[in-house]
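Because the structure is predicted, anything quoted here is derived from the model rather than measured. Residue indices begin at 1 and follow the sequence shown.
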Amino acid sequence: MSRPSAFPLAPCLLSFALAACATQANPPTVEATAPVSAAASADAAVPPAAPAGDPVPAAGRALLAPVPQPPERPVAPEPVTDPAIPRQQRIDNFVDYTARTYGVDAAGVRSVLSQAERKQSILDAMSRPAEKTRTWAEYRPIFVNDARISGGRSFYAQHRDALDRVAAETGVPAEYIVAIIGVETSYGKITGNYRVIDALYTLAFDFPKRAPFFAGELAQLFALAQEEPQLDVVALKGSYAGAMGMGQFMPSSYRLWAKDGDGDGRRDLLTHLPDVFASIANYFVIHGWERGGPVVARADRDAGAADFAPESLDPVYPLADLAGRGYRPRAGEPIAEGATLLSLDGDAGPEYWLGYRNFYVITRYNRSPMYALSVHQLAQAIRAGSGAPGP
């Protein structure tokens with residue numbers, strides 16, 4: 001599930017969103033962001049030094065520790081991904097790597113790969129330059145609009161008991177689970193039309209820039225199929241980046257963090273809602289969701305305050321430090337120990353937001369801060385019209 005991203009317009013836009021989700025590899029879309037990276041190590045307890053161009057904490061205050069993250073997921077080794085190696089040899093090396101690493105049958109891997117097809121349309125989508133960088137004012141209406149809000153309220157009402165049960169068990173509010181499904185797949189209506197095997201095969205062997213990641217995910221797909229034999233690897237459909245189901249999980253995310261939500265002995269994230277709800281919530285928990293914690297706060301900027309653009313979304317800045325820089329939560333807004341600062345171009349001009357720990361967790365699903373803020377605002381709108389008590 002997650003790293004950088006960007007987004008295009010609906011419905012094309014939604015197809016881009018499909019590739020982003022609980023992925024570690026969101027493809028290029030419209031919002032220009034940093035390259036994809038894997039999750040930070042969970043044992044990274046020491047806060048990083050301030051990056052170049054990021055002033056030291058105001059008044060000498062120490063930065064807070066970043067939110068602990070699960071270990072990085074393995075990528076495929078060089079003999080599988082080096083473009084200097086002939087393509088067929090890389091495929092043979094991949095078969096050996098997958099069989100050795102995950103204990104799957106090499107002949108079965110070869111059989112499935114013989115049915116995979118290289119798709120130029122996938123390479124075109126992954127290589128497409130961003131049409132432009134979208135402002136928050138342009139981006140927000142794509143996901144926070146009347147249709148998406150009313151659809152989310154209806155979806156929540158229809159599945160309220162199951163969603164509220166997961167929320168009570170995990171501490172992840174039901175409206176955030178619903179909002180993720182709404183943003184990713186329009187409540188399950190658009191989950192992708194590419195065969196997952198074609199997407200990952202194409203990107204593993206014909207997209208050198210990201211081959212280590214996608215070849216790693218292709219190997220994980222075979223391991224997943226071994227663990228979840230109800231999945232037909234050849235028939236599975238998803239996004240052009242290989243993400244699957246209502247929550248758009250990549251194979252590694254599916255293997256590591258999907259949950260059997262109703263105890264039927266399998267994890268089905270394609271259409272089985274108890275598993276979908278439990279798995280999205282578990283993804284948040286694994287990446288550090290704080291039960292009852294705030295997500296964001298609208299902030300004001302002091303007159304004369306200098307521009308401040310943190311190079312990380314980690315909520316490592318104490319509120320006192322941000323206040324020393326001239327950025328403070330508005331009266332009545334929630335507060336938390338640490339935050340990061342977002343500066344966005346809104347409808348009425350610059351908007352300033354403080355992103356707390358739970359905001360950071362949403363960005364682990366998709367690295368785009370505008371994605372995370374859209375999920376939050378959609379969730380709040382769904383909750384406001386659901387008849388449920390506030391958090």
Side-chain angles (χ1 to χ4, degrees), residues 2-21 26-34 36 54 129-149 151-152 175-176 179-180 182-184 186 294-302 305-315 317 322 325-330 332-334 336 339-384:
S2 162
R3 291 346 135 169
S5 85
F7 280 71
L9 296 184
C12 296
L13 198 160
L14 198 37
S15 70
F16 280 107
L18 292 179
C21 55
N26 300 333
T29 44
V30 213
E31 175 206 349
T33 57
V36 170
D54 185 5
E131 292 125 329
K132 68 172 185 171
T133 300
R134 294 192 179 281
T135 67
W136 173 233
E138 294 168 324
Y139 184 97
R140 181 183 184 276
I142 295 166
F143 296 112
V144 187
N145 54 50
D146 290 345
R148 200 93 50 162
I149 292 167
E175 61 268 24
Y176 286 90
I180 286 287
V183 168
E184 291 292 344
S186 195
V295 176
V296 295
R298 189 71 183 268
D300 289 319
R301 174 176 173 166
D302 291 350
D307 291 343
F308 177 48
E311 294 190 7
S312 168
L313 293 173
D314 284 286
Y317 295 93
L322 292 169
R325 300 176 189 272
Y327 300 90
R328 312 165 192 277
R330 286 185 177 176
E333 290 287 299
T340 192
L341 179 70
L342 309 176
S343 301
L344 303 173
D345 293 325
D347 288 324
E351 293 181 11
Y352 303 102
W353 295 84
L354 302 180
Y356 298 130
R357 179 188 180 111
N358 286 345
F359 179 83
Y360 178 78
V361 171
I362 299 173
T363 69
R364 301 309 87 191
Y365 212 97
N366 180 304
R367 293 273 176 164
S368 162
M370 292 197 290
Y371 171 96
L373 191 55
S374 294
V375 167
H376 168 70
Q377 292 191 354
L378 178 59
Q380 294 302 296
I382 290 168
R383 166 65 65 172

Run the salt bridge (Lys or Arg N to Asp or Glu O under 4.0 Å) test against Arg301 and tell me which residues pass, sequence neighbours left out. Asp307
Does Asp345 have any side-chain hydrogen bond (donor to acceptor under 3.5 Å, both in side chains) partners at least two apart in sequence or in another chain, and if so, which? none
Under 3.5 Å, side chain of Tyr356 to main-chain N/O of Pro334, donor-acceptor pair present? yes
Output all residues satisfying side-chain hydrogen bond (donor to acceptor under 3.5 Å, both in side chains) with Tyr176, sequence neighbours left out; order by chain, then residue number. His376, Gln380
Qualifying residues under side-chain hydrogen bond (donor to acceptor under 3.5 Å, both in side chains), relative to Arg357, sequence neighbours excluded: none
From CZ (Arg148) to OG (Ser374), nearest 0.5 Å: 9.5 Å
Can you name the residues that form a side chain to side chain contact (heavy atoms under 4.5 Å, CB included) with Asp302, not counting sequence neighbours? Ala305, Arg328
With sequence neighbours left out, the residues meeting ring-ring contact (aromatic ring centres under 6.0 Å, His included) with Tyr327 are Tyr352
side-chain hydrogen bond (donor to acceptor under 3.5 Å, both in side chains) partners for Glu351, two or more places apart: Trp136, Trp353
Do side-chain atoms of Thr340 reach the backbone of Ser312 as a donor and acceptor pair under 3.5 angstrom? yes
Give a yes or no on whether the backbone of Arg298 and the side-chain of Glu333 come within a donor-acceptor separation of less than 3.5 Å. yes
For Arg330, all residues meeting salt bridge (Lys or Arg N to Asp or Glu O under 4.0 Å), sequence neighbours excluded: Asp300
What distance do Met370 atom CE and Arg134 atom CZ have between them, rounded to the nearest 0.5 Å? 9.0 Å
